[in-house]
Novice: 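Got a structure for you, questions after.
Only heavy atoms go into these numbers, but all of them, side chains included; no hydrogens, no water, no symmetry mates.
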Amino acid sequence: RFLQGQVAGADSHITTKIKASGLCLLGKTNAPENGWSIATEPALYGATLNPWDKSLTPGGSSGGASVAVATGMVPIAESSDAAGSIRVPASCCGVVGLKPSRGRVSLAPLADYFAGAAYFSCNTRTIRDTAAYLDAIAGALPGDPYALPDPPARVATLMTHVPEGLQVGFTVTDPAGNPVHPDMRATVLAAASALEGLGHQVREHDMTFDAAHLWRTYTNMTCVESAAFFGYMESVVGRPIGPGDVEPLTRALIARGRATSGVTHAGQIETVRQIGRSVVQNLLPFDVFLTPTLTQLPRPRGFYDMTMTDLDAYNALWSDAVFMAPFNLSGQPAISLPLGMSGHVPVGVQLVGRSGADGALLAVAAVLEQVMPWKNRHPPAGM
């Protein structure tokens with residue numbers, strides 16, 4: 001509500017590339033305030049509904065984007081991801097959601113955000129469209145802090161190469177020790193079996209990172225970024241944030257960020273980068289790694305309540321998305337594919353690739369799109 005009516009003074013680099021590609025921009029999709037939710041129920045615009053079941057969340061923060069794709073409004077919707085915000089709604093809505101490698105897409109005019117853990121890409125229904133969109137927006141600007149070299153060919157070309165002899169790992173075990181829904185487990189196992197049947201070497205490998213430590217440190221670090229953003233926007237709007245301008249959870253984020261010392265923040269950044277490096281090293285034996293996207297089915301609307309003022313209690317609700325943030329920190333590409341159903345609700349499987357190998361990851365995704373197809377699955381008409 002604080003920013004209602006504000007119009008950006010210039011296009012981002014991604015928007016410039018979208019326009020240059022010939023794509024038509026149709027409008028904005030709904031998102032939770034400040035993007036800090038894996039649901040989409042902002043006070044300003046109201047809740048976005050899951051097209052498969054109106055009583056459930058469509059996920060977030062790119063919930064409006066995923067619903068727009070799932071319902072056929074558009075074939076491609078721009079999305080962003082700092083802790084699962086592309087992949088979670090992809091799973092909830094039965095669409096494709098790619099978080100690209102760190103440095104594959106420029107954040108300009110920003111140089112960095114969330115210490116390299118924020119990414120921009122899209123939600124689509126097909127691997128072809130995802131690859132084409134990534135080709136349209138990818139590329140670093142001179143001086144970008146995480147710039148990757150250009151791939152040897154267009155991603156849309158690389159994804160057509162049939163992979164052979166891959167080392168594939170998978171897990172169906174929550175590193176925090178929480179239960180995983182049986183249908184989530186079964187869909188990951190089915191995807192692993194499909195890849196094994198195609199001749200790849202497949203083995204189970206449970207991740208051992210300290211999920212509670214990762215999430216606590218990362219979320220506390222991002223509070224400083226949120227406080228800085230809203231501090232800047234106060235100068236743009238021309239007044240400080242007042243009562244009712246932001247939701248209670250956002251106010252708690254800002255307050256914690258403003259109370260965090262520079263020394264503490266520097267330590268948090270170092271810790272999340274150390275964790276990210278350990279995640280990469282843990283998965284070095286694998287060309288691709290499979291996890292559940294979410295460990296539980298989509299929650300009822302209202303489950304993620306941004307009227308809460310206890311930030312730690314609210315952040316604990318994100319435990320369903322335990323496999324999301326590690327790959328924001330590690331910089332590896334990760335994609336959620338709608339490979340299964342649990343009754344009438346879609347089930348997503350996450351595929352994680354090697355850093356910088358977005359084309360190779362999409363090539364595996366394209367194979368699974370053929371052997372575990374979802375193209376004929378659509379939300380019920382009238383939902």
Novice: Which class fits the ring pair W318 and Y314: parallel under 30°, tilted 30 to 60°, perpendicular over 60°?
Specialist: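 If you compare the ring of W318 with that of Y314, the planes turn out perpendicular.
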Novice: Tell me whether the count of non-hydrogen atoms from other residues, nucleotides or ligands lying under 6.0 Å of CD in Q6 goes above 12.
Specialist: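 Yes, enclosed.
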Novice: Say whether, by atom type as modelled, one donor and one acceptor occur between the side chain of T271 and the main chain of G267 under 3.5 angstrom.
Specialist: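 Indeed, once roles are kept as given, a pair shorter than 3.5 Å links the two residues.
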Novice: So do the side chains of T208 and P175 get within less than 4.5 Å of each other, counting heavy atoms only?
Specialist: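 When only atoms from C-beta onward are counted, P175 and T208 do not touch, as no gap falls below 4.5 Å.
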Novice: By the definition side-chain contact (heavy atoms from CB on, under 4.5 Å), identify the one residue from L368, L361, V364, I86 that meets it with I335.
Specialist: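 Result for side-chain contact (heavy atoms from CB on, under 4.5 Å) with I335: L361.
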Novice: Can a salt bridge be assigned to the pair D135 and R154 using a cut-off of 4.0 Å between side-chain N and carboxylate O?
Specialist: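 Between R154 and D135 there is a salt bridge, with a charged N closer than 4.0 Å to a carboxylate O.
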Novice: Hey, what do you get for OG1 (T171) to CZ (F289), rounding to the nearest 0.5 Å?
Specialist: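 These two atoms lie 5.0 Å from each other.
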Novice: Rounded to the nearest 0.5 Å, what's the gap from CE on M324 to CG on L329? Could you check?
Specialist: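 If I round to the nearest 0.5 Å, the distance is 13.0 Å.
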Novice: Looking only at side-chain N and O atoms, does S61 offer a donor or acceptor that is under 3.5 Å from a partner on S85?
Specialist: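 The criterion, which ignores hydrogens and geometry beyond distance, is satisfied for S61 and S85.
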Novice: Quick check: does any side chain N or O of Q296 sit under 3.5 Å from a backbone N or O of P179, one acting as donor and the other as acceptor?
Specialist: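 Judged by distance alone, yes, a pair lies under 3.5 Å.
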Novice: Can you tell me how far NE2 of H13 sits from CG of L141, rounded to the nearest 0.5 angstrom?
Specialist: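 Nearest 0.5 Å value for the CG-NE2 distance: 4.0 Å.
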Novice: Does R104 come within less than 4.0 Å of D150, counting only side-chain N to carboxylate O?
Specialist: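 Between D150 and R104 there is no salt bridge, as every charged N stays at least 4.0 Å from the carboxylate O atoms.
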Novice: Roughly how far, to the nearest 0.5 Å, is the CE atom of M221 from the CZ atom of R273?
Specialist: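 Nearest 0.5 Å value for the CZ-CE distance: 8.0 Å.
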Novice: Donor-acceptor pair, distance only, cut-off 3.5 Å: does the side chain of N328 make one with the backbone of A117?
Specialist: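 Checked: pair present.
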Novice: Pairs under 3.5 angstrom only: tabulate donor-acceptor contacts from the side chains of residues 228-237 to other protein residues two or more places apart or in another chain.
Specialist:
{"unit_1": "E234", "atom_1": "OE1", "unit_2": "R258", "atom_2": "NH2", "d": "3.4"}
{"unit_1": "E234", "atom_1": "OE2", "unit_2": "I241", "atom_2": "N", "d": "2.8"}
{"unit_1": "S235", "atom_1": "OG", "unit_2": "Y232", "atom_2": "O", "d": "2.5"}

Novice: Tell me yes or no: between the side chains of E33 and T250, is some donor less than 3.5 Å from an acceptor?
Specialist: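 Side chains of E33 and T250: pair found under 3.5 Å.
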Novice: Is a side-chain N or O of S261 found less than 3.5 angstrom from the main chain of A259, in a donor-acceptor match?
Specialist: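 Not at all, since once roles are kept as given, no pair shorter than 3.5 Å links the two residues.
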Novice: Measuring only between side-chain heavy atoms, which start at C-beta, is N282 closer than 4.5 Å to H205?
Specialist: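 Side chain of N282 against side chain of H205, heavy atoms only: contact under 4.5 Å found.
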Novice: Kindly say whether V224 contributes a backbone atom to a donor-acceptor pair with the side chain of T260 at under 3.5 angstrom?
Specialist: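 No, because the side chain of T260 does not come within donor-acceptor range (under 3.5 Å) of the backbone of V224.
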Novice: Measure the shortest side-chain to side-chain distance between F286 and V352 over non-hydrogen atoms and say whether it is less than 4.5 angstrom.
Specialist: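 They are not in side-chain contact.
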Novice: Measure the CG-CD1 distance between L134 and I127 for me, rounded to the nearest 0.5 Å.
Specialist: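 Output value for this atom pair is 11.5 Å.
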Novice: Please check: side-chain N/O of R299 versus main-chain N/O of T57, any donor-acceptor pairing under 3.5 Å?
Specialist: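 No.
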Novice: Is the side chain of T15 donor-acceptor paired with the backbone N or O of D11 at a distance under 3.5 Å, no angle test?
Specialist: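 Checked: no pair found.
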Novice: Tell me yes or no: between the side chains of R277 and Q274, is some donor less than 3.5 Å from an acceptor?
Specialist: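 Per modelled atom types, R277 and Q274 side chains form a pair under 3.5 Å.
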Novice: Is the side chain of N30 donor-acceptor paired with the backbone N or O of G63 at a distance under 3.5 Å, no angle test?
Specialist: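 The answer is no, because no donor-acceptor pair under 3.5 Å joins these two groups.
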Novice: Pairing donors with acceptors under 3.5 angstrom, does anything connect the side chains of D112 and Y146?
Specialist: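 Distance-only check passes for D112 and Y146.
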Novice: Whether the side chain of R377 engages the backbone of P346 through a donor-acceptor N/O pair (distance < 3.5 Å, no angle test) should be reported.
Specialist: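 No: the side chain of R377 does not pair with the backbone of P346.
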Novice: Please confirm whether the backbone N or O of L189 pairs with a side-chain atom of S193, one donor and one acceptor, at under 3.5 Å?
Specialist: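 The answer is no, because no donor-acceptor pair under 3.5 Å joins these two groups.
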Novice: Considering only heavy atoms from C-beta outward, does the side chain of L337 approach that of E369 to under 4.5 Å?
Specialist: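 In short, these two side chains do not touch, never coming nearer than 4.5 Å.
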Novice: Working to the nearest 0.5 Å, report the span between CG of L98 and OG1 of T124.
Specialist: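 One finds 9.0 Å between CG of L98 and OG1 of T124.
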Novice: Hey, are Q332 and R354 close enough side-chain-wise for a donor-acceptor pair under 3.5 Å?
Specialist: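 On atom types as modelled, these side chains do not qualify, holding no pair under 3.5 Å.
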Novice: Does a side chain donor of either D358 or S101 reach within less than 3.5 Å of an acceptor in the other side chain?
Specialist: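 There is such a pair (donor and acceptor under 3.5 Å, judged by atom type) between the side chains of D358 and S101.
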Novice: Could you verify whether a donor N or O on one side chain and an acceptor N or O on the other, from W36 and N315, lie under 3.5 Å apart?
Specialist: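 Yes, a side-chain donor-acceptor pair sits under 3.5 Å.
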Novice: Between D312 and R256, is there a side-chain N and carboxylate O pair less than 4.0 Å apart?
Specialist: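 Salt bridge: yes.
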